[in-house]
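This report concerns only the one structure given below.
Both backbone and side-chain heavy atoms feed into the values below; hydrogens, waters and symmetry mates do not.
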Amino acid sequence: MNPTQAPLYEIKANLFRALAHPVRIRVLELLVASTGEVSVADLLADLAVSPSHLSGHLAVLKRHGVVESRRAGSHVYYRTAHPAVVDLLTAARTFLLDSLARGSDQLAAAEALPRIAPAS
């Protein structure tokens with residue numbers, strides 16, 4: 001990699017770091033499923049994490065440019081920062097389902113192996 005490309009790969013790596021936690025993935029799923037913005041209160045109702053825990057995850061997503069926020073009085077609302085977040089989540093879901101299917105194929109093949117009779 002040449003020196004001019006390094007910062008670009010760092011940006012990509014930061015995107016994957018931002019996605020690298022189950023709570024952050026679920027936050028993004030909730031944001032994508034909504035028709036607009038989602039309040040922190042609504043996120044908390046779904047996630048079963050503490051407010052400070054959620055705040056930290058939202059800060060990571062915001063720092064890496066994955067979500068944007070808007071404050072209205074004492075409420076904060078979040079939305080995805082780019083429409084391609086849907087594509088990322090869709091690709092991740094496809095990967096997950098394909099991985100699970102391969103695993104179940106392997107499990108079915110293993111269960112079809114001849115049984116070994118115990119030694120008498």
Side-chain angles (χ1 to χ4, degrees):
M1 162 174 24
N2 70 48
T4 60
Q5 293 174 328
L8 301 175
Y9 285 103
E10 187 64 31
I11 292 168
K12 287 182 182 182
N14 285 334
L15 170 63
F16 286 105
R17 283 185 194 101
L19 301 174
H21 194 281
V23 170
R24 293 194 290 266
I25 297 294
R26 184 62 185 143
V27 165
L28 292 175
E29 289 175 347
L30 293 169
L31 295 178
V32 164
S34 74
T35 57
E37 301 172 319
V38 179
S39 72
V40 171
D42 288 341
L43 292 172
L44 282 169
D46 185 274
L47 293 169
V49 297
S50 70
S52 62
H53 194 102
L54 177 58
S55 177
H57 287 298
L58 290 168
V60 170
L61 290 169
K62 191 172 179 181
R63 181 173 55 250
H64 294 298
V66 182
V67 300
E68 298 172 339
S69 66
R70 175 181 67 85
R71 180 175 292 281
S74 63
H75 300 283
V76 180
Y77 298 88
Y78 283 86
R79 65 187 171 280
T80 57
H82 196 284
V85 171
V86 173
D87 298 331
L88 284 170
L89 294 174
T90 300
R93 186 177 196 286
T94 300
F95 182 84
L96 170 67
L97 293 175
D98 289 349
S99 296
L100 291 173
R102 278 193 307 277
S104 67
D105 291 346
Q106 290 172 336
L107 178 60
E111 288 173 341
L113 291 172
R115 298 217 179 259
I116 299 171
S120 329

Please examine the side chains of L44 and P51, heavy atoms only from C-beta on, and report whether any two atoms are closer than 4.5 Å.
-> yes

Quick one: list whatever passes salt bridge (charged side-chain N to carboxylate O under 4.0 Å, His left out) with R71, sequence neighbours left out.
-> none

Side chain of T94, backbone of T90: donor and acceptor closer than 3.5 Å?
-> yes

Hey, what do you get for CG (L47) to CZ (R26), rounding to the nearest 0.5 Å?
-> 7.0 Å

Answer yes or no: are there more than 12 heavy-atom neighbours, outside H53 itself, under 6.0 Å from its atom NE2?
-> yes

OG of S39 to CZ of R70: how many Å apart, nearest 0.5 Å?
-> 10.5 Å

Say you draw a straight line from CG of L100 to CZ of F95; how long is it, rounded to the nearest 0.5 Å?
-> 10.0 Å

Once you round to the nearest 0.5 Å, how far does NZ of K12 lie from CG of L15?
-> 10.0 Å

Are L58 and V76 close enough, and set up right, to give a side chain to side chain contact (heavy atoms under 4.5 Å, CB included), and what steps lead you there?
-> CA-CA 11 Å; L58 290 168; V76 180; over 6 Å; no

In the single-linkage hydrophobic clustering (I, L, V, M, F, W, Y; side-chain heavy atoms under 4.5 Å), do Y77 and L61 co-cluster?
-> no

Only one of V60, L31, L28, L88 passes side chain to side chain contact (heavy atoms under 4.5 Å, CB included) with V66; say which it is.
-> L28

Closest heavy-atom contact between G65 and A81?
-> O-CB, 3.3 Å

How far does CG of L43 sit from OG of S55, to the nearest 0.5 angstrom?
-> 11.5 Å

Apply the test side chain to side chain contact (heavy atoms under 4.5 Å, CB included) to residues L54 and V27: give CA-CA distance (whole Å), side-chain angles for both, the deciding distance (0.1 Å), then the verdict.
-> CA-CA 9 Å; L54 177 58; V27 165; 3.8 Å; yes

Could you pull out all residues at least two apart from T4 that satisfy side-chain hydrogen bond (donor to acceptor under 3.5 Å, both in side chains)?
-> N2

Any donor-acceptor pair under 3.5 Å from H21 side chain to V23 backbone | yes

Roughly how far, to the nearest 0.5 Å, is CD of E37 from CD of E68?
-> 9.5 Å

Side-chain donor or acceptor of R63 paired with backbone N/O of A18 under 3.5 Å | no

